[in-house]
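Basis for what follows: all heavy atoms, side chains included, without hydrogens, waters or symmetry-related copies. Note on naming: letters A, B, ... go to the chains in the order of the sequence lines (proteins, then strands), and numbering restarts at 1 for each one.
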Amino acid sequence: MHPHTVNEIRNRLLAWFAQYQRPLPWRTTYRPYHVWIAEIMGQQTQMERVAMYFLRWIEQFPDLAAVAAAPEQKILKAWEGLGYYTRARNIHRTALHLVDNGAMDIPADYQQLLALPGIGPYTAAAILSIAFNQPYPLLDANVERVFSRLADIDSPLKKASTKKQLTAMADTLLDRDQPRQFNQALMELGALICTPKRPACISCPLQVYCRAYQADTVAYRPLPIARDKKTDILMACGVLYKEDRIFIQQRLPDDIWGGLWEFPGGQLKESETPLHGALREIHEETGWLLERLDVLATVTHYYTRYRVTLHGFYGTLHPSCPEPILTAASQYAWVPLNQLHQYPFPAGHRQLVHILCS
DNA sequence: CTCCGGTATA
DNA sequence: TATACCGGAG
Ligand code: SF4
């Protein structure tokens, strides 16, 4: 790429960003703590959704010390609905670790950032450039899409050679005088103009330099990635009442939906009925043998490559029933219906909570 | 129901 | 290098 082109792309991008950037809440002060939280929330998550969670988070946890002082339960509740719950637990771990070592803030060093749980190459570069205005090039899905169109790249994004080419582009184009603005501008363009579907090339400041636009290959860039086909999973669970309280248990930390709460249950065995599966899972996970369960509702949700159909039942335990013997949970609680919403639930179980409350 | 998106781990 | 992790918009 000619130096003149590089310069033009930078200038056009920065001018566009200055005019059209979204007023995201961490963009007022660029406090490192704010940028860190926003970037972790932004992993695998659209920024529009992040903004709402971010504001609620900062209200509850205004700084690193507040995160460190908070119980994990409160952290997970603030994260409920964002998904990838390891991210929330990693924020907590990081805050604890930094405060323990006398740090007041997130480090401004690439290797130190990379060593923190939940921070990979993208997030480390994002924090350094956006919070500390240091010249680190970065590659996220937005940038990869913009670059693959700008250079009309005709090879799959996951190939190592393609990644190398994209990394080189990021390095060449980065405006080292204003990395904070430049990196954000690139990602913002990908989020607002150079979108995955129907990009607004007509309003794009880079159109005159865009190879894909010239070749009319925009719709085919980046090369589509083959998606996994969905696998069906059948599950069943039971909402168990003891007088006016409901039994819930907290999932093991390193499992899927780690640290979130749920009704006891699990995956059905081959050709097992939902009723039988619910009875069996409840027995395995708590030791309780229910004599009867009634149909509550069935909900469906999707995650990664699975389509989960969750059959919800409800049943009653005798007031003098023994304490549960947990085999799939770290702790349990007996909660009145109107307090269920205080606990973080996975999306599927949250649908059941919603049905119970209505 | 498809689509979108970084990190950790095997 | 492949796969697991998530939820909501559209
Ligand atoms: S012209 Fe279209 S495809 Fe090219 S960078 Fe701009 S929005 Fe993306």
In whole angstrom, give the distance that lies between atom OH of A:Tyr302 and atom P of C:dG10.
-> 18 Å
Does a side-chain N or O from A:Arg305 land closer than 4.0 Å to OP1 or OP2 of C:dT3, or not?
-> no
Which ones in residues 105-123 of chain A lie close to DNA chain B, meaning a heavy atom under 4.0 Å from one of its atoms?
-> A:Leu116, A:Pro117, A:Gly118, A:Ile119, A:Gly120, A:Pro121, A:Tyr122, A:Thr123
Within residues 138-146 of chain A, those residues having any heavy atom closer than 4.0 Å to DNA chain B are A:Asp140, A:Ala141, A:Arg145
May I have the distance from A:Tyr303 (atom OH) to C:dA4 (atom C1'), rounded to whole angstrom?
-> 9 Å
Would you say the side chains of A:Gln44 and A:Arg87 form a donor-acceptor pair under 3.5 Å?
-> no
Below 4.0 Å: OP1/OP2 of C:dG8 and any side-chain N or O of A:Arg350 | yes
How far apart are the C-alpha atoms of A:Arg211 and A:Asp154, what are their side-chain angles, what is the distance that settles it, and do they pass the salt bridge (Lys or Arg N to Asp or Glu O under 4.0 Å) test?
-> CA-CA 11 Å; A:Arg211 303 282 176 113; A:Asp154 190 20; over 6 Å; no
Criterion ring-ring contact (aromatic ring centres under 6.0 Å, His included) against A:His349, the qualifying member of A:Phe263, A:Tyr343, A:Trp257 | A:Phe263
Taking NE2 from A:His349 and P from C:dG7, how many angstroms apart are they, rounded to a whole number?
-> 10 Å
Would you mind reporting whether A:Ile130 and A:Gln184 have side-chain heavy atoms less than 4.5 Å apart?
-> yes
Would you say the side-chain atoms of A:Ser129 and A:Arg180 include a donor-acceptor pair closer than 3.5 Å?
-> no
Sorted by number, residues from residues 154-176 of chain A placing a heavy atom under 4.0 Å from DNA chain B are none
From A:Met235 atom CE to A:Leu268 atom CG, the distance as rounded to the nearest 0.5 Å | 8.0 Å
With respect to A:Pro121, which candidate in A:Leu113, A:Thr167, A:Leu114 satisfies the side chain to side chain contact (heavy atoms under 4.5 Å, CB included) definition?
-> A:Leu114
Those residues at least two apart in sequence (or on a different chain) that pass side-chain hydrogen bond (donor to acceptor under 3.5 Å, both in side chains) with A:Glu281 are none
According to a strict under-4.0 Å criterion, is A:Tyr85 in side-chain N/O contact with OP1 or OP2 of C:dG7?
-> yes
Send over the distance from A:Asp255 CG to C:dC5 P, rounded to a whole Å.
-> 7 Å
side-chain hydrogen bond (donor to acceptor under 3.5 Å, both in side chains) assessment of A:Glu188 paired with A:Gln21 = CA-CA 7 Å; A:Glu188 197 83 334; A:Gln21 66 172 296; over 6 Å; no
Starting from P on C:dC5, measure out to CG on A:Leu260 and report it in whole angstrom.
-> 14 Å
Nearest-0.5 Å distance, SG of residue A:Cys210 to CG of residue A:Asp152 = 7.5 Å
Going through the checks in order, is the side-chain hydrogen bond (donor to acceptor under 3.5 Å, both in side chains) test met by A:Arg10 and A:Gln178?
-> CA-CA 10 Å; A:Arg10 285 177 187 161; A:Gln178 32 192 338; over 6 Å; no
Identify the 5'-most and 3'-most nucleotides of DNA chain B with at least one atom closer than 4.0 Å to a non-hydrogen atom of chain A.
-> B:dC1 to B:dA8
Does the C:dC6 base have a donor-acceptor partner in the side chain of A:Tyr84 within less than 3.5 Å?
-> yes
Partner residues of A:Thr286 under the side-chain hydrogen bond (donor to acceptor under 3.5 Å, both in side chains) criterion, sequence neighbours left out | none
Within this structure, what is the CH2-to-P distance between A:Trp79 and C:dC6, rounded to whole angstrom?
-> 12 Å
How would you label the contact of A:Gln44 with the nucleic acid (heavy atoms, under 4.0 Å): base, sugar-phosphate, or nothing?
-> base
Tested for ring-ring contact (aromatic ring centres under 6.0 Å, His included) against A:Tyr110, the lone hit among A:Tyr122, A:Tyr136, A:Phe132 is A:Tyr136
Among A:Phe61, A:Trp79, A:Trp26, A:Tyr33, the one residue meeting ring-ring contact (aromatic ring centres under 6.0 Å, His included) with A:Phe54 | A:Trp26
May I have the distance from A:Ile256 (atom CD1) to C:dC6 (atom P), rounded to whole angstrom?
-> 5 Å
Whole-Å distance separating the OH atom of A:Tyr306 from the C1' atom of C:dC6 | 13 Å
